[in-house]
Amino acid sequence: MGSDTSEVALDLFPYLKVYKDGTLERIAGVEVVPPGLDPQTNVLSKDILIVPQTGVSARIYRPNFVIKDQKLPFVVYFHGGAFCVASPAFPNYHNSLNKLVAEANIVALSVDYRLVPEHPLPTAYQDSWAALQWVASHKEEDGHHHEGWIKDYVDLDQVFLVGDSAGANIAHHLAFRIKESDLGQSFKILGIGMIHPYFWGTNPIGSETADGLRKELVDKWWLYVCPSDKGCDDPFINPFVDGSPDIAGLACHGILVIVAEKDILRDRGRFYYDKLVKSGWRGKAEIMENEGEDHVFHIFNPDCDKAKSLMKRLAAFLNQGSGKGIVE
């Protein structure tokens, strides 16, 4: 699309461009691969419609071989992409989920929430919440809408939320929503795995103060996906502003926060972990830092040693619940 026919009105690097005629061109996260049997990991996947009213679907994964009557931990996964790009079918996410399911021996559901700008926030949160409600419905006996893989292979007392970047942000908000809802009476989240979480704020902290260019870039991303008078201190992106729920009320038993040394979002992840530990929250908090690496490096370079160690640590976190070691 040449500039002579349509000028760029907004370049939201590295995600998308908006042209003056209103046309949207996504640059990142547009490729898709089908589900099926992955020969490298021996993990099976399929796409399922989970919320017919809105058309929200998900890609569900399980090991190809499951010991008879063995029930596995269940991960509800939310992909990253700044709320405006990517999907569970994006090759890098599909590959990452195959690796996680194989490493941890779990069943996983990767939610295809709808994206900005076609579906403004809070749609992504609402779709993710609807997906969680759908998962919780499998605890009811009357199961004509039940997914066989969940019914046959999943221990619904070992449910984890996992997400990278924007997906980690979604997981945080769902853990409060579940607490405030009737769902929280019967359905518990055992733990949350946050990979390079996308939190932000108007006033710079840590390395943000020395990196004005990247600070400006992240500001621009957020102000595009959530144009509000609160800007980068909207409670969706800054969990510690007035109006945000008290972090001590986070509704899960354990949390693993993973940050990357060179990531502009690193200090927000560390700040989140520190605030949680000091808040009086009664769960078990862990933090891991990927030295020398940048934001979601494991999605784009999954075979490097540091990506493998990230997956191993996340898998260990997801398997703690088997011995209930995560519950204090």
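No experiment lies behind these values; they were computed from the predicted model shown. Computed over heavy atoms, backbone and side chain alike; hydrogens, waters and symmetry mates excluded.
- With values rounded to the nearest 0.5 angstrom, Ile170 atom CD1 is found 11.0 Å from Met194 atom CE.
- Pro197 places none of its side-chain heavy atoms less than 4.5 Å from the side chain of Arg268.
- Residues Trp221 and Ile237 form no side-chain contact, since every pair of their non-hydrogen atoms from C-beta on lies 4.5 Å or further apart.
- For Ala175 against Ala251, the heavy-atom pair with the smallest separation is O-CB, 3.0 Å.
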Could you list the donor-acceptor pairs under 3.5 angstrom formed by side chains in residues 48-57, with sequence neighbours left out?
| unit_1 | atom_1 | unit_2 | atom_2 | d |
| --- | --- | --- | --- | --- |
| Thr54 | OG1 | Val51 | O | 3.4 |

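- For Asp246, there are no salt bridge (charged side-chain N to carboxylate O under 4.0 Å, His left out) partners at least two apart in sequence or on another chain.
- Within 6.0 Å of NZ on Lys262 lie no more than 12 heavy atoms contributed by other residues, nucleotides or ligands.
- In this structure a side-chain-to-backbone donor-acceptor pair under 3.5 Å is present from Asp267 to Ser207.
- Rounded to the nearest 0.5 angstrom, Ser128 OG and Asp112 CG are separated by 10.0 Å.
- Looking at Asn290 and His196, their side chains do bring a donor and an acceptor atom within 3.5 Å of each other.
- Contact record, Gly249 with Phe176: C-CE2, 3.6 Å, taken as the closest heavy-atom pair.
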Begin with the C-alpha distance, continue with both residues' side-chain angles, and end with the deciding distance and a verdict on side chain to side chain contact (heavy atoms under 4.5 Å, CB included) for Tyr272 and His172.
CA-CA 10 Å; Tyr272 182 95; His172 160 84; 2.8 Å; yes
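- Cys226 is not listed as a side-chain neighbour of Phe83, based on a closest heavy-atom distance of 4.5 Å or more.
- Linking Ile, Leu, Val, Met, Phe, Trp and Tyr whenever their side-chain heavy atoms come within less than 4.5 Å puts Leu217 and Val116 in one cluster.
- More than 12 non-hydrogen atoms from other residues, nucleotides or ligands lie less than 6.0 angstrom from CD of Gln70.
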Does Cys252 form a side chain to side chain contact (heavy atoms under 4.5 Å, CB included) with Leu161? I'd like the steps, not just the answer.
CA-CA 9 Å; Cys252 65; Leu161 306 181; over 6 Å; no
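- In this structure, the side chain of Ser96 does not engage the main chain of Asn92 through any donor-acceptor pair within 3.5 Å.
- Between the side chain of Ser45 and the main chain of Ile60, no donor-acceptor pair closer than 3.5 Å is present.
- The nearest pair of heavy atoms linking Tyr113 to Gly80 is OH-O, 4.1 Å.
- Cluster annotation: Leu24 is connected to Leu12 through the hydrophobic network of ILVMFWY side chains, with a link wherever side-chain heavy atoms come within less than 4.5 Å.
- Formation of a donor-acceptor pair under 3.5 Å by the Lys179 side chain with backbone atoms of Gly184 is not found in this model.
- Listed for the Asn169 side chain is a donor-acceptor partner under 3.5 Å among the backbone atoms of Tyr198.
- Checked for salt-bridge contact, Arg214 and Asp294 meet the test: a charged N lies under 4.0 Å from a carboxylate O.
- You'll find the ring centres of Phe240 and Phe271 inside the 6.0 Å limit.
- In terms of modelled atom types and a separation under 3.5 Å, the side chain of Trp222 and the main chain of Gly231 share a donor-acceptor contact.
- Rounding to the nearest 0.5 Å places CD1 of Ile255 at 10.5 Å from OH of Tyr273.
- Of all the heavy atoms in His94 and Pro34, the pair that sits closest is NE2-O, 3.9 Å.
- Remark: side-chain polar atoms of Lys71 are paired, donor with acceptor, to backbone N or O of Lys151 under 3.5 angstrom.
- Under the 3.5 Å distance criterion, with hydrogens and angles disregarded, a donor-acceptor pair is assigned to the side chains of His295 and Ser165.
- Ionic pairing of Lys99 and Asp303 is present here: one or more N-O contacts between side-chain nitrogen and carboxylate oxygen are shorter than 4.0 angstrom.
- Taking all atoms of both residues into account, the shortest heavy-atom contact from Val259 to Gly269 is CG1-CA, 3.8 Å.
- Val277 and Leu250 fall within a single hydrophobic cluster, where Ile, Leu, Val, Met, Phe, Trp and Tyr side chains are chained together by heavy-atom contacts under 4.5 Å.
- Proximity of a side-chain donor or acceptor of Asn95 to a complementary backbone N or O of Pro91 within less than 3.5 Å is not detected.
- Aromatic ring centres of Phe160 and Phe317 lie closer together than 6.0 Å.
- Not one N or O on the side chain of Asn105 forms a donor-acceptor pair closer than 3.5 Å with the backbone of Leu72.
- Closest of all the heavy-atom pairs between Leu97 and Ala108 is CD1-CB, 3.8 Å.
- Taking the six-membered ring where tryptophan is involved, the planes of Phe236 and His173 are perpendicular, since the angle between them exceeds 60° and thus also 30°.
- Taking CG from Leu156 and CD1 from Ile150, the interatomic distance works out to 7.0 Å, rounded to the nearest 0.5 Å.
- For the pair Leu223 and Cys232, the minimum side-chain heavy-atom distance is below 4.5 Å.
- In this structure, CD1 on Ile178 lies 11.0 Å from CD on Glu180, to the nearest 0.5 angstrom.
- Test Glu289, Glu293, Glu261 against Arg266 for salt bridge (Lys or Arg N to Asp or Glu O under 4.0 Å) and you get one pass: Glu289.
- Annotation: side chain of Tyr224 is in contact with side chain of Val18 (closest heavy-atom distance under 4.5 Å).
- Residues Ile27 and Val30 do not share a hydrophobic cluster, defined by chaining ILVMFWY side chains whose heavy atoms lie under 4.5 Å apart.
- With contacts defined as side-chain heavy-atom distances shorter than 4.5 Å, the pair Val159/Lys188 does not qualify.
- Atom CD of Glu118 is surrounded by more than 12 heavy atoms from other residues, nucleotides or ligands within 6.0 Å.
- Using a 4.5 Å heavy-atom cutoff, the side chains of Ile195 and Ile299 are not in contact.
- Remark: side-chain polar atoms of Glu208 are paired, donor with acceptor, to backbone N or O of Ile205 under 3.5 angstrom.
- Phe13 has its side chain out of reach of Lys220: every pair of non-hydrogen atoms, C-beta onward, lies at least 4.5 Å apart.
- In this structure, CZ on Phe187 lies 14.5 Å from CG on Asp182, to the nearest 0.5 angstrom.
- Note on Lys139 versus Asp157: salt bridge recorded, some NZ/NE/NH1/NH2 to OD/OE distance being below 4.0 Å.
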Step-by-step side chain to side chain contact (heavy atoms under 4.5 Å, CB included) determination, Tyr61 to Ile106
CA-CA 8 Å; Tyr61 298 78; Ile106 56 168; over 6 Å; no
Is there a side chain to side chain contact (heavy atoms under 4.5 Å, CB included) between Tyr77 and Asp164 once you walk through the steps?
CA-CA 9 Å; Tyr77 190 90; Asp164 66 281; 2.6 Å; yes
